[in-house]
Amino acid sequence: MKIASFNINGIKARLPVVLDWLKEAEPDVAILQEIKTVDEGFPREPFEDLGYNVETHGQKSFNGVALLSRLPLEDVVRGLPGAEGAGREGVDDEEARYIEATVVGEKAVRICGLYLPNGNPAPGEKYDYKLKWIERLSARAEELLRLEEPFLMAGDYNVIPQAEDAARPQDWVTDALFLPETRAAFRRLVHLGLTEALRARTRAHELYTFWDFQRGAWQRNDGIRIDHFLLSPQCADLLEDCQIDKDLRARDKPSDHVPIWVKLAA
DNA sequence: ATGGTGGACCATCCA
C-alpha cells in the first residue's frame, strides 16, 4: 500500500498539478493539507473519476485537510481531540487541521492526516497554540499506541527536526519551526514509540519537502524538511520504502511543498 | 529593518 502526503497550498489553484501527480504516482491513499476551502468547495468529482473516495475537513480560506483513498475510508473522525481551551483567544479549533480514517487492505491501517500550526511569530499566542497542539497530538498518539495496531501520523508538521533537515539552519534559529522547544516537543512525540519513516530509511542530507516561494529558495535549494510520516511499531514493521517526490517543485504553478510517501506491506 | 512570492479573496491574513 502506497500512502502519500502532500501540502497542496490551495486545491483551487492546484487541481491540475494534484491530478497529474495522482495519475503518475498512483498512491492508494493521499493525505492532503491546506486545501483552503470548505467541504462543499472541494472538487470531489475529478478525484472520484480517478477512483478515489474523498473525505474532507475544510474551512474557508485557510488550513483544511483531506483524505483520498482507493479503498473505503472507514470510521472517519474530523478534528483533533482536546480542543477545549487549547485554541488561541477566540480561535480554538475552528482551525481544520486533522482527520483520521481506517483503510483496510491486506491489513488495517489507521491513517491520521495533520496540518500542524506554523506557530510564528514566536513567542506569542500562535506559538503557544502550536506547542499545545503538539501535546494534543501526542495524547492522541498515546491512545492509539495502546491498541498495538498499525497506525501512522502524516502531514505537514511545521517542524524541522534537526539542523541537517535545513539547507541553512542558521536562518531558522528564532523561527517557530526550529526553536529548541518545538524540536523537543516533536522529539517527545516520536519517543513515545513512533518511527520517523524517512530517517528509518536513510541518513542522507539535503532531503527537503519545502522551499519558500520567496528569495528564489527553490533555485538555491534553500529547503527544509517539515513533512513527516510517524509510524506505530506495528506499522513500522510493514515499512518497505519512504521517498520524497522532489521533482514536483520544478513544475508550473507548484505548491511550496512536495509529496512524501511510504510503501507498506499492508 | 524591509520586502521579497503566492493563495484566498477584496482588505488584509497567512505562510
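Values below: every heavy atom of this structure, side chains too, minus hydrogens, waters and symmetry copies. Chain identifiers are assigned alphabetically (A, B, ...) following the order of the sequence lines, protein sequences preceding nucleic acid strands; residue numbering begins at 1 within each chain.
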Phosphate OP1/OP2 of dC9(B) contacted by Lys12(A) side-chain N/O (<4.0 Å): yes
- prompt: Given dC9(B), dA15(B), dA8(B), which nucleotide is nearest the side-chain atoms of Lys60(A)?
  reply: dC9(B)
message: Rounded to whole Å, how long is the line connecting atom CD of Gln59(A) with atom P of dA8(B)?
response: 14 Å
message: Regarding Glu55(A) and Asn53(A), do their side chains bring together a donor and an acceptor under 3.5 Å, going by distance alone?
response: no
field: Option passing salt bridge (Lys or Arg N to Asp or Glu O under 4.0 Å) with Glu135(A) (candidates Arg140(A), Arg188(A), Lys130(A))
entry: Arg188(A)
message: Under a 3.5 Å threshold, yes or no: a donor from one side chain and an acceptor from the other, between Trp211(A) and Asn221(A)?
response: yes
field: Pairing nucleotide - dT2(B), Watson-Crick or G-U, each distance under 3.5 Å
entry: none
query: Asn118(A) side chain: which of dG7(B), dC9(B), dA15(B) is closest?
result: dA15(B)
Out of dG7(B), dA15(B), dT5(B), whichever nucleotide has its closest atom nearest the side chain of Phe213(A): dT5(B)
query: Between dG6(B), dC13(B), dA15(B), which nucleotide gets closest to the side-chain atoms of Phe62(A)?
result: dC13(B)
task: Could you please name the partner base of dC9(B), counting Watson-Crick and G-U wobble pairs only when both distances are under 3.5 Å?
output: none
- prompt: So what does Tyr115(A) hit on the nucleic acid, given a heavy-atom distance under 4.0 Å: a base, only sugar-phosphate, or nothing?
  reply: sugar-phosphate
- request: Give a yes or no on whether the backbone of Gln162(A) and the side-chain of Arg183(A) come within a donor-acceptor separation of less than 3.5 Å.
  value: no
query: How close or far is atom C1' of dC14(B) from atom CD of Glu95(A), stated in whole angstroms?
result: 10 Å
Spacing of Asn63(A) atom CG relative to dC9(B) atom P, expressed in whole Å: 13 Å
task: Using atom CZ of Arg249(A) as one end and atom P of dT5(B) as the other, report the distance to the nearest whole Å.
output: 14 Å
task: Kindly point out which of dC9(B), dG7(B), dT5(B) is positioned nearest to the side chain of Asn9(A)?
output: dG7(B)
query: Has Lys253(A) got a side-chain N or O lying under 4.0 Å from the OP1 or OP2 atom of dG7(B)?
result: yes
message: Check this one for me: any side-chain N or O of Lys126(A) less than 4.0 Å away from OP1 or OP2 of dC14(B)?
response: yes
- prompt: Nearest-Å distance, CG (Asn120(A)) to C1' (dC14(B))?
  reply: 11 Å
task: Take atom C1' in dC9(B) and the same atom in dC14(B), then report the distance between them in whole Å.
output: 13 Å
task: Under the side-chain contact (heavy atoms from CB on, under 4.5 Å) rule, collect the residues that match up with Asn120(A), sequence neighbours excluded.
output: Asn118(A), Asp175(A), Ala176(A), Leu177(A)
field: Spacing of the P atoms in dC13(B) and dG3(B) (rounded, Å)
entry: 15 Å
